[in-house]
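Notes for the one structure printed next.
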Amino acid sequence: MTDYSTLLNPEQCAAATAEDGPLLVLAAAGTGKTRTLVYRVAHLIEKGVPAESLLLLTFTNRAAKEMLERAKAVAGPSVGHLWSGTFHHVCNRFLRRFADRLGYGNNFAILDQDDAVSVLNTCMKELGYVRKDFPKKEVIASLISSASNRMLSVQEYLDTSSKALEASPSDIVRIAQRYQERKLIENMMDFDDMLVNGLRLLKEHEEVRNSYQQKFRHVLVDEYQDTNLLQAQMVDLLAAHHRNIMAVGDDMQCIYTWRGADFNNIREFSKRWPDSRIIKIEQNYRSTPDILRIANACAAKAPEAFKKTLRSTREPRNKPRVLILRDGDEQSRAIITLVQRYLDDGYSLSDMAILYRAHFHSIELQMALARTRLPYVITSGLGVFEQAHVKDVLAFLRVCENPRDYLAFTRLMGMLSGVGEKTVEALWAKLGGSFETRSPEMRAKLVGLLKPTARGQWQGVDRLFADYHSEGLNLRGTEAIERFCETFYTTYLHRAYENPEKREEDIHELALQVTKSQGGVAAFLQEVALLTNIDREYEKLAANNEPTLHLSTVHQAKGLEWKVVFVIWVSEGMFPSSRSLEESGNDEEERRLFYVAVTRAKDELILCAPGMRKMRDGGMFFCKPSPFIKEIPRENIRESYGNR
DNA sequence: GTTGGGAGAATTTTT
DNA sequence: TTCTCCCAAC
């Protein structure tokens with residue numbers, strides 16, 4: 001038996017080796033939460049719990065992967081059999097087996113954000129909501145999403161939310177219903193449906209519920225403070241039989257309420273599990289005392305239910321800096337100067353990160369970095385898989401795999417010149433609402449329906465459909481994509497987009513990616529929507545060893561740490577974001593976000609506050625340093641002005 | 001019905 | 001300033 005008390009501190013050890021039964025672990029930032037979870041897994045396996053009866057839910061794929069690797073290192077390769085991943089991933093696994101019980105096909109397609117909005121748009125047009133003053137499709141989409149993540153009907157959600165809308169609730173309810181129908185008919189689920197239907201499966205189908213309840217002897221949840229109502233119920237249900245639930249989180253780090261996260265899940269955990277134990281982990285191993293004092297000062301002003309004070313284990317070093325700067329350009333120059341100084345001090349570029357509230361805050365800096373040729377990676381807003389050209393290629397594969405995928409069909413046919421929205425709609429209707437590429441008759445019928453000009457372009461694709469199935473290209477996705485490009489897409493790409501070379505590279509990379517997925521094209525398509533850009537960026541980072549500066553939003557930086565952390569645009573209106581403050585209740589979340597940003601830093605923390613924004617129209621906008629800066633006890637910082 | 005050009009709006013966080 | 005959507009000309 002491993003002696004965990006030599007590897008972990010007493011608090012961590014208590015959590016990792018706790019007896020069976022419900023357990024809530026309140027682990028503040030930088031206290032070795034991942035380490036504790038890893039050793040918990042190792043401990044359970046050592047005790048003889050089979051890996052496949054462990055369920056480890058994490059917030060990102062990255063966290064899942066990291067934990068799995070570390071657990072393997074500690075407890076051996078058998079750990080690989082445990083179930084781990086995001087809620088969406090786990091639901092996906094459930095639904096791939098049982099979606100048919102809810103009226104979907106098990107090969108349903110997953111809609112990403114854009115797909116969802118465009119399906120919704122179709123519904124709105126269909127129902128005749130095209131008035132100018134009608135709320136935008138994105139607004140409706142977010143309403144519907146908010147409702148499902150809070151487990152309310154659209155009607156109920158509209159009743160409780162005070163937002164003024166240019167539409168009557170009944171109109172929105174009608175649109176939402178139509179949207180729901182369409183997804184069912186076309187065999188598609190959006191991100192929210194994955195959770196909603198995953199939970200429905202457990203609630204409504206007793207034998208499914210029983211089998212998973214029996215199967216998972218231990219359920220472990222990371223970042224529990226960011227679960228929403230659906231997720232909390234799912235966890236409770238899955239753990240109901242064996243009653244071994246371990247929720248790990250920190251209510252001060254709840255930064256996803258805008259997406260439905262509800263920290264009452266963590267606050268009221270002991271009400272739902274009355275016999276649960278609570279373990280607090282407060283020893284911070286990450287940051288210097290001065291950095292933690294800033295974090296503690298920030299947390300002290302938050303009306304939190306669980307008071308935690310971070311205790312540093314480290315010796316004092318340099319005090320954090322606050323830079324008061326003229327504008328964004330001066331900020332960029334100051335950062336580059338400091339980065340170079342830290343390099344001279346012996347830090348590597350990969351020890352440093354630059355964090356910000358919103359992606360657009362980083363644009364000036366990106367240009368400045370490019371000019372000085374400092375290599376950087378940015379976990380960008382748009383995912384690789386969300387870019388138009390990648391979706392074009394995926395549409396081809398989707399049509400091959402799923403005859404009911406109208407969205408993909410529209411996208412694919414729309415690439416033919418001379419074919420637009422109306423034509424596709426008519427074709428789809430004439431085909432009877434599905435297009436089976438396996439059927440020669442169906443394909444011939446489509447060819448027959450096309451106008452001569454379109455037919456010429458389509459012929460290559462049509463032949464490829466035949467080959468796809470007869471030659472087993474569904475198991476050789478790389479080849480399928482390459483042939484699609486040869487016969488059709490490269491030509492289209494050059495016609496339709498401005499920078500075809502860059503896009504061709506992306507597609508080449510996509511083609512390589514398909515092969516990685518074991519279950520062929522079908523499995524790849526199922527995974528693709530759930531794979532985020534972040535995961536891929538990190539893979540790239542791991543693959544090339546060149547040290548790189550890291551740019552990221554605070555949200556995406558959650559769970560990560562660097563020796564040197566810059567936070568830029570800590571100015572009024574930017575951080576806290578004025579847009580967010582407009583909505584009531586969000587000011588506390590901004591505070592938590594700042595707390596998360598500060599606690600990413602190990603040695604050096606630099607807060608930058610430019611005093612002027614250049615607006616897009618050329619105007620200027622003056623802003624004071626953020627209120628978060630004013631709260632910091634003076635003795636914990638070095639303050640400086642200008643580009644030094 | 002399709003396509004391209006021009007006017008207009010607009011700048012959060014993501015599975 | 002850049003992207004998006006709408007309208008008017010093929």
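Quick note on labels: first sequence line is chain A, next is B, and so on, each numbered from 1. What you see is a predicted model; the values in this text were computed from it and never measured.
Side chain of H88(A), nearest nucleotide from dT15(B), dT12(B), dT14(B): dT15(B). You'll find that the side chain of K422(A) is closest to dT2(B), out of dT2(B), dT3(B), dT14(B). If you check dT12(B), dC5(C), dT14(B) against the side chain of E138(A), the one that comes closest is dC5(C).
Close placement of the H555(A) and Y256(A) rings is indicated, their centers lying within 6.0 Å of each other.
No side-chain donor-acceptor contact under 3.5 Å links N228(A) and D262(A). At a cut-off of 3.5 Å, with distance as the only test, a side-chain donor of S145(A) or D192(A) sits close to an acceptor on the other residue. A donor atom on one side chain and an acceptor atom on the other are found under 3.5 Å apart for D392(A) and Y489(A).
Between H359(A) and dT14(B) there is a side-chain N or O to OP1 or OP2 distance below 4.0 Å.
Interface residues of residues 222-237 of chain A facing DNA chain B, ordered by number: none; criterion, heavy-atom separation under 4.0 Å.
Taking atom P in both dT12(B) and dC5(C), the straight-line distance is 15 Å, to the nearest Å.
Stacking here means ring centres nearer than 5.5 Å and ring planes tilted less than 30 degrees, and by that measure W258(A) stacks onto dT13(B).
For the atom pair NZ (K391(A)) and OG (S118(A)), the distance works out to 7.0 Å, reported to the nearest 0.5 Å.
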